[in-house]
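Got a structure for you, questions after.
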Amino acid sequence: MHAVIGRAAALCVVIGLGACGGEDGFSPSIDTVSGSYAAVTFTLTSAVGTTDLLALGSTVVITLSADGTTRGRLFVPGGDDNGGDLDVDLAGTWILNGETVTLSTEGDTFIADADFTAGRDRLSGEESVNGTTIRLVLGKTG
């Protein structure tokens, strides 16, 4: 079951995420978006219900540096195609275009090339693919 969740997560989030920003007059900038983030919501919803990937031991941590580089880690137990754990380095780059943050990571995961909407101290998004919806909210930790 974990392998199915991991593969579905990989397929869903790579397409793109969106939903939040523009709140309370917040206007994203390199300075306000740069920082460290950790997943505060990471769910997978399909016809059989919603699975809390964080409750299953998944983690997403990433730092967006002001120079446009990233570092971090994605971990999904049983999320690799072969049923093993998905554990990927999130080193790469990021860009901000309006309220949209796009990440490009060296590791081949759903994080690469995903679009996130920047809100005050968070990046968030949701995407549906093949009847499965992934919701990922990254909260700023520093």
Shared hydrophobic cluster, Val60 / Leu56 (ILVMFWY, side-chain heavy atoms < 4.5 Å):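 They do share one cluster, since a chain of ILVMFWY contacts under 4.5 Å joins Val60 to Leu56.
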Hphob cluster co-occupancy, Leu103 + Leu74, side-chain heavy atoms under 4.5 angstrom: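 Yes, Leu103 connects to Leu74 through the hydrophobic network.
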Distance in Å, Leu136 CG paired with Leu54 CG, rounded so as to fall on 0.5 Å steps: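 If I round to the nearest 0.5 Å, the distance is 8.5 Å.
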Inter-residue atom distance Thr105.OG1 - Leu90.CG, 0.5 Å rounding: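 That separation rounds to 5.5 Å.
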Whether Thr93 side chain and Gly68 backbone form a donor-acceptor pair below 3.5 Å: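 No.
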Heavy-atom closest contact (Ala118 atom, Val33 atom, distance):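 Heavy atoms only, the tightest pair is CB-CG2, 4.0 Å.
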Taking every non-hydrogen atom, the tightest pair across Arg73 and Asp87: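 Nearest heavy atoms, Arg73 then Asp87: NE-OD1, 2.7 Å.
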In one Ile/Leu/Val/Met/Phe/Trp/Tyr side-chain cluster, 4.5 Å: Val88, Val76: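 Linked, Val88 and Val76 end up in one cluster.
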Distance, nearest 0.5 Å, that separates OG1 of Thr133 from CG of Leu44: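 Thr133 OG1 to Leu44 CG: 8.5 Å, rounded to 0.5 Å.
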Spacing of Thr41 atom OG1 and Arg122 atom CZ [to the nearest 0.5 Å]: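 Result: 9.5 Å between the selected atoms.
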Close side-chain approach of Ser58 and Pro77, heavy atoms under 4.5 Å: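 In contact.
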With Arg71 via side-chain hydrogen bond (donor to acceptor under 3.5 Å, both in side chains) - residues at least two apart: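 Partners of Arg71 by the side-chain hydrogen bond (donor to acceptor under 3.5 Å, both in side chains) criterion come out as none, since no residue qualifies.
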CA sep, side-chain torsions, deciding dist, call: Trp94, Ile62, side-chain contact (heavy atoms from CB on, under 4.5 Å): CA-CA 11 Å; Trp94 70 283; Ile62 191 163; over 6 Å; no
Derivation of the side-chain contact (heavy atoms from CB on, under 4.5 Å) call for Leu123 and Leu64: CA-CA 11 Å; Leu123 302 173; Leu64 309 182; 3.8 Å; yes
Thr43 backbone acceptor or donor facing Asp52 side chain under 3.5 Å: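 No, Asp52 side chain to Thr43 backbone: no donor-acceptor pair under 3.5 Å.
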Interatomic spacing from CG in Asp121 to CG in Leu138 - rounded to 0.5 Å: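 CG of Leu138 is found 12.5 Å from CG of Asp121.
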Least distance between heavy atoms, Leu96 atom then Ile30 atom: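 So the minimum-distance heavy-atom pair works out to CD2-N, 3.8 Å.
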Shortest non-hydrogen contact between Ser34 and Ser65, atoms and distance: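 Closest pair (atom of Ser34, atom of Ser65, distance): OG-C, 3.9 Å.
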side-chain hydrogen bond (donor to acceptor under 3.5 Å, both in side chains) partners of Thr69, counting only residues at least two apart: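 Checked Thr69 against side-chain hydrogen bond (donor to acceptor under 3.5 Å, both in side chains); matches are Asp67.
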Heavy-atom closest contact (Thr132 atom, Ser46 atom, distance):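 In this case the closest contact between Thr132 and Ser46 is OG1-CB, 4.0 Å.
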Non-hydrogen atoms of Gly72 and Asp89 that approach each other most closely: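 Nearest heavy atoms, Gly72 then Asp89: O-OD1, 3.4 Å.
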Results of side-chain hydrogen bond (donor to acceptor under 3.5 Å, both in side chains) for Thr50 - residues two or more places apart only: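 If we apply the side-chain hydrogen bond (donor to acceptor under 3.5 Å, both in side chains) test to Thr50, skipping adjacent residues, the hits are Thr45.
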